[in-house]
**Student:** 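Here's a structure for you.
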Amino acid sequence: MDMPVRPRRLRSSPALRKMVRETRMDASSLVYPLFVVEGENKKEEISSMPGQYRFSIDRMGEKLEELAKAGVNAVLFFGIPAHKDAAGSGAYAPDGIVQRALRVAKREFPHLYLIADLCMCEYTSHGHCGILQGQEVDNDQTLEYLARIAVSQAQAGADMIAPSDMMDGRIRAIRSSLDGHGFSNTPVMAYAAKFASAFYGPFREAADSAPAFGDRKTYQMDYHNRREALKEIALDVEEGADIVMVKPAMAYGDLIREAKELVRIPVAAYSVSGEYAMVKAAAAAGYLDEEKTICEMAVCAYRSGADVYISYFAKELAYFMKEGIIG
């Protein structure tokens, strides 16, 4: 049946039902971004994000166990492949880095909720989020690849798909492809208002995803624009998104609040790499109290209306919530 909007998707498991409850602030709403790399016995610290690492699949369990013990039950997977090409084929390969990581995580940590970031920038030789025609990303041709990636990730065990590419029409294409392959109950969390932000700097190192030329301003949003962000959010809901995201979080609380008032589905906020790096650098220099700053940033995102909070500080926040420091 052609039914892109299925509210029951968000009721499909206890972990997901807790994640999207409308009024609360506890560890069930936290999501931790995890970087997985090819190879063996790798735990590589990301220099611009002290305390954050890229793990090979055989060692990612160390982090997953740590998160589970802290009470963080949802993980957002990013993959860094050994091989890149113009079509980003590693993103949809059955034996791609994220696909293999998902299978291992599903087997060894069945209680965790596994979210797959869906984008092509880590996998393309040119570092852009789609298929190129000359020097431009071809929006409509890219949709075919995004739909293929989504199905591949779902087949590998992803509990949720999170497209971050910002192509027009991608939520409809992904939703249709998932439904057509028997994954009608797999939710889609859309990076709905993703801005072309300087706050992403450290992530480019972490994911090895800097564009080889130009920038991403023809598909990521101009941070001057508020009404356009609301249009993007409304379009993603119309196309079948189950959760919409505002990214970054810290400087975009106004849009988190407006998204919350606009839609009747959960809203996520992504506290991005630059936010993490600023806190770590300022705390190391003695300019900020790290614990208090982490807590304040999170509370502000929830206060703005975030139902789901994606953060590299997820483990620390879970502890602070458990201890009643925030809650």
Side-chain angles (χ1 to χ4, degrees), residues 1-20 31 34 36 57 64 73-79 81 87-120 122-123 129-131 139-165 167-192 235-245 265-266 268 308:
M1 179 177 291
D2 182 13
M3 192 183 304
V5 179
R6 292 176 180 261
R8 284 187 56 193
R9 291 190 197 106
L10 298 180
R11 306 171 196 149
S12 59
S13 72
L16 183 55
R17 289 193 296 273
K18 287 192 71 176
M19 183 193 300
V20 300
V31 179
L34 180 72
V36 288
I57 292 174
L64 295 178
N73 295 314
V75 181
L76 176 61
F77 283 81
F78 295 89
S89 60
Y92 53 81
D95 62 347
I97 180 65
V98 162
Q99 285 80 356
R100 285 183 282 124
L102 288 167
R103 291 188 185 98
V104 171
K106 180 65 71 176
R107 181 178 68 247
E108 297 183 1
F109 297 88
H111 57 287
L112 289 180
Y113 195 82
L114 311 181
I115 306 171
D117 176 83
L118 194 170
C119 198
M120 298 179 69
E122 300 105 309
Y123 302 90
C129 301
I131 303 299
N139 187 97
D140 293 3
Q141 187 179 1
T142 298
L143 298 184
E144 301 172 20
Y145 287 81
L146 299 177
R148 186 174 178 182
I149 296 166
V151 171
S152 176
Q153 292 174 338
Q155 290 172 334
D159 296 305
M160 178 184 287
I161 307 299
S164 59
D165 55 282
M167 298 297 121
D168 292 342
R170 90 269 200 215
I171 301 303
R172 186 178 300 278
I174 290 166
R175 181 74 270 155
S176 176
S177 187
L178 287 172
D179 290 356
H181 286 83
F183 295 103
S184 60
N185 289 321
T186 299
V188 173
M189 176 167 63
Y191 288 62
L235 282 170
D236 282 357
V237 174
E238 180 183 327
E239 292 179 15
D242 300 286
I243 301 174
V244 289
M245 182 198 301
I265 64 174
V308 178

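Only this structure's heavy atoms are used, side chains among them; waters, hydrogens and symmetry mates stay out. Positions are given from 1 along the sequence.
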**Student:** Just how far is it from atom CZ of F78 to atom CD1 of I115, taken to the nearest 0.5 Å?
**Tutor:** 10.0 Å

**Student:** How long is the span from the CZ atom in R6 to the CZ atom in R11, to the nearest 0.5 Å?
**Tutor:** 12.5 Å

**Student:** Could you tell me whether the side chain of S176 and the main chain of A173 form a donor-acceptor pair under 3.5 Å?
**Tutor:** no

**Student:** Where do P187 and D242 come nearest, in terms of heavy atoms and distance?
**Tutor:** CA-OD2, 3.2 Å

**Student:** Run the side-chain contact (heavy atoms from CB on, under 4.5 Å) test on L143 and M167 for me, step by step, so that the C-alpha distance in whole Å, both residues' side-chain angles and the decisive distance to 0.1 Å come before the verdict.
**Tutor:** CA-CA 7 Å; L143 298 184; M167 298 297 121; 3.9 Å; yes

**Student:** Under the criterion side-chain contact (heavy atoms from CB on, under 4.5 Å), I'd like the reasoning laid out for L10 against L16: C-alpha separation, chi angles, the key distance, then a yes or no.
**Tutor:** CA-CA 6 Å; L10 298 180; L16 183 55; 4.2 Å; yes

**Student:** So, does Q153 use its side chain to make a donor-acceptor pair with the main chain of D117 at under 3.5 Å?
**Tutor:** yes

**Student:** Minimum heavy-atom separation for P163 to I174, with atom names?
**Tutor:** CB-CD1, 3.6 Å

**Student:** Taking all atoms of both residues into account, what is the closest heavy-atom pair of G240 and V5, and its distance?
**Tutor:** CA-CG2, 4.3 Å

**Student:** Tell me, do M19 and N73 make a side-chain contact under 4.5 Å, heavy atoms counted?
**Tutor:** no

**Student:** Using modelled atom types and a 3.5 Å cut-off, is there a donor and acceptor pairing between side-chain atoms of Q99 and backbone atoms of A91?
**Tutor:** yes

**Student:** Roughly how far, to the nearest 0.5 Å, is CG of D159 from OG1 of T186?
**Tutor:** 8.0 Å

**Student:** In sequence, state the C-alpha distance, the side-chain angles, and the governing distance for V188 and L118, and then conclude on side-chain contact (heavy atoms from CB on, under 4.5 Å).
**Tutor:** CA-CA 10 Å; V188 173; L118 194 170; over 6 Å; no

**Student:** Is there side-chain contact between R172 and E238, with at least one heavy-atom pair below 4.5 Å?
**Tutor:** yes

**Student:** Looking only at non-hydrogen atoms, find the nearest pair between T142 and C129 and report the distance.
**Tutor:** CG2-O, 3.8 Å

**Student:** Y123 and G90: which non-hydrogen atoms are nearest, and at how many Å?
**Tutor:** CD2-C, 3.5 Å

**Student:** At what distance, to the nearest 0.5 angstrom, does CZ of R170 lie from CD of E239?
**Tutor:** 8.0 Å

**Student:** Give, for atom CG of L146 and atom OG of S164, the distance between the pair rounded to the nearest 0.5 Å.
**Tutor:** 9.0 Å

**Student:** Let's go through S184 and M3 carefully: what are the C-alpha distance in whole Å and the side-chain angles of both, what is the deciding distance for side-chain contact (heavy atoms from CB on, under 4.5 Å) to 0.1 Å, and is it a yes or a no?
**Tutor:** CA-CA 9 Å; S184 60; M3 192 183 304; over 6 Å; no

**Student:** Taking atom CE of M189 and atom CG of L76, what is their separation to the nearest 0.5 Å?
**Tutor:** 6.0 Å

**Student:** Work out which heavy atom in A241 is nearest to a heavy atom in I171; give both atom names and the distance.
**Tutor:** N-CG2, 3.5 Å

